[in-house]
Participant: 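So that we are looking at the same thing, I have put the structure below in structure tokens.
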Amino acid sequence: MNPDVLSELIAVVARDVIAVREPEVAASIDSSAIAFERPKNRDHGDWATSVALKLAKRVGMAPRDLAAELAGRISEIEGVSSVDIAGPGFLNIRLDASAAGEIARSIVEAGSEFGRNDSLVGQTINLEFVSANPTGPLHIGHTRWAALGDSLGRVLAASGARVANEFYVNDAGAQMDVFGESVLAAALGEPTPENGYPGEYVQELGRIALERRPDLASLDRAEAILVAREIGYETQLQEIKDSLSRFNVHFDVWFSERTLHAGSSEGGSLIDDAIERLRAQGHVFDEDGAVWVRTTDFGDDKDRVITRGNGIFTYFAADAAYYLSKGDRGFQHKIYLLGADHHGYVHRLKALAGSAGDDPEKDIEVLIGQLVSINGAKLSKRAGNIIELNDLQAWLGTDALRYSLARYPADSPLTLDPELLQKRTNDNPVFYVQYAHARICSVLRAWADKDGGDVASLKDVDLSALDSPQAQALMLQLAKYPAMLSAASADFAPHDVTFYLRDLAASYHSYYDAERILVDDEAVKKARLALVAATAQVLHNGLAVLGVSAPASM
RNA sequence: GUCCCUAUAGCUCAGGGGAUAGAGCGUCCGCCUCCGAAGCGGAAGGCCGCUGGUUCGAUUCCAGUUAGGGGCACCA
């Protein structure tokens with residue numbers, strides 16, 4: 001008996017009972033409408049539902065009467081041991097030990113697939129995040145979006161969506177030229193130009209540029225800038241890719257802004273095409289010699305210029321072409337994960353979706369991340385007094401860093417405590433969870449050494465011995481995993497996973513303290529091993545969603 | 001001025017139209033001859049910023065208000 005099945009059965013029962021009185025109300029009931037949940041208080045049963053409270057009014061019954069009728073039917077469901085009515089009409093449901101234990105078997109069978117659900121099946125999602133300018137190293141803000149975005153992508157994929165992680169490379173525009181001038185100046189031993197890029201890394205890029213093109217000094221200035229820019233760009237982008245890869249963050253698409261400026265089949269650029277497509281939709285107008293998009297039609301506070309009076313595109317033009325490109329490449333849903341400094345973009349991007357004929361409410365989601373601060377971090381002199389991803393990772397480690405950055409919703413500001421993250425105790429949330437996993441692996445190793453047992457042989461054991469309160473609490477926690485993942489994907493909330501894992505690890509530690517696993521009674525031992533192996537599997541799966549390792553020993 | 005975010009335990013933060021509002025840290029008291037004590041059990045600690053509204057029921061939704069953070073270009 002897993003919770004999805006039970007909630008579905010309760011929905012069926014509710015439909016049945018209510019159909020007699022109010023067929024229309026009955027038809028509107030599905031498993032999401034019955035408020036099926038794990039009660040906070042264990043005295044309230046294994047599972048609880050307030051469905052009677054919610055429906056009583058519409059059916060014209062007293063909540064407790066409706067509850068009583070439902071309770072009678074629910075108690076007949078196979079595997080349900082009791083149903084109690086509490087308070088104004090809550091139904092508190094308890095399961096047989098063996099019915100509850102089935103969860104352990106299904107987890108061991110499903111392995112790393114356990115938790116996958118189909119709540120987002122059919123969605124094609126373009127998930128854009130980080131998108132740092134290729135003119136310098138990634139900083140602490142990028143680090144947060146990298147951890148969050150990558151985990152979000154995995155959460156969405158686990159719910160059945162087809163997800164592409166995408167990095168938009170801003171490799172066109174004036175800042176690239178400034179970058180080129182800075183690299184060239186460094187290569188030639190000149191001072192950094194005014195408003196140029198500071199930082200030791202620019203000097204490094206200059207040295208690399210000179211190494212590759214010793215003739216740099218003899219080139220025409222404009223050409224030299226171009227050469228320096230391209231070498232710097234290529235080198236810096238590669239460093240960004242390497243940093244992210246070390247951070248266990250994966251991108252499917254590296255989308256170059258230059259492709260938008262380059263020609264399309266018709267001769268004009270993709271940006272020209274984009275403006276014409278928006279014009280065809282009726283949202284573009286000319287005024288004061290410039291070309292505008294009427295973004296105010298979609299909630300923006302002012303209209304936006306897309307082509308300036310001097311004929312040059314604004315940055316918004318590239319945004320428009322880029323947005324359309326996502327749709328053209330088959331993505332119906334576009335998620336943008338942006339830093340707090342971009343929050344003025346939200347209306348603009350939504351307006352873009354609307355102007356393109358998409359649904360601004362459904363087809364585009366803009367998540368604004370708040371700032372990260374950290375105590376005691378060293379500023380990177382080489383990168384011009386920012387806090388670098390590379391330094392953070394070397395300092396704190398991928399696991400601790402990714403886990404703690406994924407622990408909070410994107411829209412809440414967060415402060416990292418480096419002292420805590422370096423502790424190898426349960427003060428440090430990632431170690432608490434990893435320790436639970438390592439502890440289980442240790443038990444399984446002891447079993448394998450002594451009896452030669454392996455986890456695959458636990459698929460057919462009798463699970464009725466799992467009747468202690470701690471074992472049942474653990475099983476219920478395990479059973480919640482798929483629904484938790486599905487909720488996390490619906491809310492774009494990878495932090496749900498970290499909180500779940502904390503609770504699951506706590507349930508396991510309590511269980512471990514209450515019951516010895518490797519006992520003499522073979523049947524009991526097998527049942528407990530199945531439960532414990534299932535727990536390790538879910539810890540492993542959950543950590544994988546966060547891009548964090550699940551070590552077998554620590 | 002305007003728009004967005006935030007306000008929950010001493011600290012850092014989850015949660016959410018319903019039953020006694022949660023976790024970690026910190027404080028206090030207990031638990032290893034026994035599979036990893038990197039652990040477990042317990043205690044203390046809250047007008048869920050403030051005022052109204054909707055509701056059978058609001059800490060949760062809405063409005064206002066106060067406080068904090070952030071954003072406003074024919075920049076990129």
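Letters go in sequence order (proteins before strands), and every chain restarts at 1. Owing to the predicted nature of the structure, the values given are computational and were not obtained by experimental measurement. Excluded from the calculations below are hydrogen atoms, water molecules and symmetry mates; all remaining heavy atoms, backbone and side chain alike, are included.
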Participant: Taking the side chain of A:I517 as its heavy atoms from C-beta onward, which of B:C35, B:C40, B:A14 lies nearest to it?
Facilitator: B:C35

Participant: Determine whether the aromatic ring centres of A:H509 and A:Y435 lie less than 6.0 Å apart.
Facilitator: yes

Participant: Rounded to the nearest 0.5 Å, what separation is found between the CG atom of A:L531 and the NZ atom of A:K526?
Facilitator: 15.0 Å

Participant: Can you see whether A:Q472 engages A:D467 through a side-chain donor-acceptor pair at a distance of less than 3.5 angstrom?
Facilitator: no

Participant: Can you tell me, in whole Å, how much space there is between the P of B:A7 and that of B:U60?
Facilitator: 12 Å

Participant: Taking atom types as modelled and ignoring hydrogens, do the side chains of A:Y322 and A:E166 form a donor-acceptor contact shorter than 3.5 angstrom?
Facilitator: yes

Participant: Taking only the side-chain heavy atoms of A:Y512 (C-beta and beyond), determine which of B:A37, B:C34, B:C13 contains the nearest atom.
Facilitator: B:A37

Participant: Which nucleotide in the list B:A14, B:C35, B:C40 gets nearest to the side chain of A:D513?
Facilitator: B:C40

Participant: What's the closest nucleotide to the side chain of A:Y435 if the choices are B:A14, B:C35, B:A37?
Facilitator: B:A37

Participant: Could you say whether A:R516 or A:I368 is positioned toward the 5' end of RNA chain B, judged by the nucleotide with the nearest heavy atom to each?
Facilitator: A:I368

Participant: Looking at the side chain of A:H347, which of B:A14, B:C35, B:C3 is the nearest nucleotide?
Facilitator: B:C3

Participant: Which nucleotide, B:A14, B:C3, B:G41, lies nearest any side-chain atom of A:S510?
Facilitator: B:G41

Participant: On RNA chain B, check which nucleotide each of A:R439 and A:Y315 is closest to and give me the residue with the more 5' one.
Facilitator: A:R439

